[in-house]
Engineer: 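Below is a structure I'd like to ask you about.
Keep in mind it's a predicted model, so treat the numbers as computed, not measured. In what follows, every chain begins at residue 1, and chains take the letters A, B, ... in the order their sequences are listed.
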Protein chains: 2
Amino acid sequence: MLEYIILGFLMECSMSGYDIKQSMSHSTANFFDASFGSIYPALKRLEEKGLIISKEAVESGKYKKYYEILEQGKKEFFSWLEVPVDFSSLKQEYLVKQFFYIHLPEEKVKAHLEHFIESVKDHLNKLIELEKLIKEHADVYKYSTLRYGMDFMSFAAGWYENLLKEISNKNGG
Amino acid sequence: MLEYIILGFLMECSMSGYDIKQSMSHSTANFFDASFGSIYPALKRLEEKGLIISKEAVESGKYKKYYEILEQGKKEFFSWLEVPVDFSSLKQEYLVKQFFYIHLPEEKVKAHLEHFIESVKDHLNKLIELEKLIKEHADVYKYSTLRYGMDFMSFAAGWYENLLKEISNKNGG
DNA sequence: TAGCGCATGTAATATGTTACATGATTTC
DNA sequence: GAAATCATGTAACATATTACATGCGCTA
């Protein structure tokens with residue numbers, strides 16, 4: 001996922017590895033963060049694949065290596081962004097894509113969000129099924145983690161339904 | 001974290017690697033899951049460290065390898081469980097520990113939850129600070145991921161405050 | 001007898017972090 | 001001139017997944 005996030009950042013402007021790390025700290029750190037030890041090798045790989053290109057520069061005495069996204073890189077980025085995501089509490093890829101939705105036409109964003117909401121509801125239904133099975137033999141705390149899961153799914157479904165409404169109202173009626 | 005979860009499962013009864021995987025699917029899969037490819041090597045490591053011991057058996061023709069937790073394993077488990085966790089949206093260790101809180105005295109659980117709620121509120125405050133910085137130059141979608149973060153933190157704080165109340169009322173007044 | 005579910009395990013691969021190494025400039 | 005910040009990069013390590021290999025018993 002890191003490589004796509006880097007491509008996403010470079011979609012907006014050319015940046016150095018250091019800049020990307022800074023940007024992450026001020027924007028995606030809440031749901032996705034990476035260390036220099038993964039960012040620099042990722043940039044190297046992306047350049048080897050011909051998705052980005054580097055330009056070395058010296059700015060106020062400091063050596064900096066700026067990366068620019070190439071056409072092939074943009075293509076790669078879109079083919080990733082375009083695919084709707086399912087809910088997953090482990091990898092929060094849905095938030096990562098949401099972060100870059102400005103690059104997707106509004107109709108596609110709406111379709112993505114609708115798909116995602118359905119996926120959250122599916123997840124909720126699975127937890128409801130699970131509850132029936134374990135309700136009796138789970139202790140208070142084990143049961144509480146399940147309740148948390150269900151309450152969180154309800155929260156998320158509601159939150160994204162609201163986001164969908166906001167987007168629709170913005171241009172619609 | 002996987003090794004502690006395995007110890008946690010073995011705290012309740014002796015199990016095989018296959019059983020552990022099954023149990024996870026029916027309980028922790030919502031916030032933590034592992035594959036056979038990580039469970040079996042983890043069991044091997046735990047036995048090498050002297051934290052668990054295996055017993056081979058043949059049940060209805062099927063070869064099974066049961067693992068039992070040793071005193072040293074219980075010690076390790078408690079020294080992990082005992083440490084209060086901070087909020088992290090990436091690794092949901094808080095839910096993993098919550099799952100095993102039955103092994104902790106109620107007073108410690110309450111202290112843990114209070115610590116956790118504070119940590120969630122700290123996180124929320126950081127996001128509020130961040131909002132001031134980026135509010136103007138972030139697009140709708142980028143801004144929405146931040147709002148999601150804030151709304152989620154509020155939800156989580158409320159949810160855990162409620163859990164704390166429930167626990168207090170159960171035995172208290 | 002073919003296929004599926006049970007059951008264990010390894011090897012290749014992916015992905016990331018932490019610590020280290022280097023060296024410049026800015027700030028106190 | 002010491003310390004912090006800027007800036008890049010590598011090596012060792014941690015942790016996990018996926019795919020594969022093996023073999024038993026049950027069922028159609």
Engineer: Rounded to the nearest 0.5 Å, how far apart are CG of A/N162 and OH of B/Y148?
Structural biologist: 13.0 Å
Engineer: Any chance the rings of A/F32 and A/F99 have centres within less than 6.0 Å?
Structural biologist: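 That pair fails the under 6.0 Å test.
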Engineer: When you check the gap from the basic side-chain N to the acidic O, do B/E3 and B/K49 get nearer than 4.0 Å?
Structural biologist: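 A salt bridge links B/E3 with B/K49.
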Engineer: What is the distance, to the nearest angstrom, from the CZ atom on A/F32 to the C1' atom on C/dT17?
Structural biologist: 12 Å
Engineer: Tell me whether the side-chain N/O atoms of B/K44 come closer than 4.0 Å to OP1 or OP2 in C/dT10.
Structural biologist: yes
Engineer: Over 60° means perpendicular and under 30° means parallel, so classify the ring planes of B/F100 and B/F77, tilted if in between.
Structural biologist: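 Perpendicular, since the angle between the ring planes exceeds 60°.
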Engineer: Go nucleotide by nucleotide along DNA chain D from the 5' end; which of A/G37 and A/Y63 gets its closest nucleotide reached first?
Structural biologist: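 Its nearest nucleotide lies further toward 5', so the answer is A/Y63.
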Engineer: Tell me, which of residues 5-28 of chain A have any heavy atom that sits under 4.0 Å from an atom in DNA chain D?
Structural biologist: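 Per residue number, the list reads A/S16, A/G17, A/Y18.
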Engineer: If you assign each of A/K62 and A/D33 to its closest nucleotide in DNA chain C, which residue comes earlier from the 5' end?
Structural biologist: A/D33
Engineer: Will you find, in the side chains of B/Y66 and B/E59, an N or O donor that is under 3.5 Å from an N or O acceptor?
Structural biologist: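 The answer is yes; a qualifying pair exists.
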Engineer: Under 4.0 Å between a side-chain N/O of B/S38 and OP1 or OP2 of D/dT15, yes or no?
Structural biologist: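 Answer no for this pair, as no side-chain N or O of B/S38 is under 4.0 Å from OP1 or OP2.
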Engineer: Nearest whole Å is fine: how far is D/dG9 P from A/L43 CG?
Structural biologist: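 It is 8 Å, rounded to the nearest whole Å.
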Engineer: Within this structure, what is the CD-to-C1' distance between A/E56 and D/dG9, rounded to whole angstrom?
Structural biologist: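 Distance check: A/E56 CD to D/dG9 C1' gives 12 Å.
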Engineer: Where each residue is assigned the nucleotide of DNA chain D containing its nearest heavy atom, which of A/P41 and B/A34 is assigned the position nearer the 5′ end?
Structural biologist: A/P41
Engineer: Starting at OH of A/Y4 and ending at C1' of C/dT15, how long is that distance when rounded to a whole Å?
Structural biologist: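 Between C1' of C/dT15 and OH of A/Y4: 14 Å.
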Engineer: Calculate the interatomic distance between A/E47 atom CD and D/dT8 atom P; express it in whole Å.
Structural biologist: 13 Å
Engineer: Among C/dT8, C/dT17, D/dG9, find the nucleotide with the atom closest to the side chain of A/K65.
Structural biologist: D/dG9
Engineer: Give the rounded distance in Å between these two atoms: CZ of B/R45 and C1' of C/dG9.
Structural biologist: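 These atoms are roughly 14 Å apart.
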Engineer: Select base, sugar-phosphate, or nothing to describe what A/Y40 touches, counting heavy atoms under 4.0 Å on all strands.
Structural biologist: base
Engineer: Looking at A/K110 and A/E107, is there a salt bridge between them, counting it only when a charged N and a carboxylate O are closer than 4.0 Å?
Structural biologist: yes
Engineer: As a test of reading the structure: which of D/dA7, C/dG16, C/dG9 is closest to the side chain of B/Y67, going by heavy atoms?
Structural biologist: C/dG9
Engineer: Using whole Å, report how far NZ of B/K91 lies from P of D/dT15.
Structural biologist: 9 Å
Engineer: What is the distance, rounded to the nearest whole Å, between atom CD of A/E48 and atom C1' of D/dG9?
Structural biologist: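 It is 14 Å, rounded to the nearest whole Å.
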Engineer: Flag the pair B/F9 / B/T28 as yes when at least one side-chain heavy-atom distance between them is below 4.5 Å, and no otherwise.
Structural biologist: yes
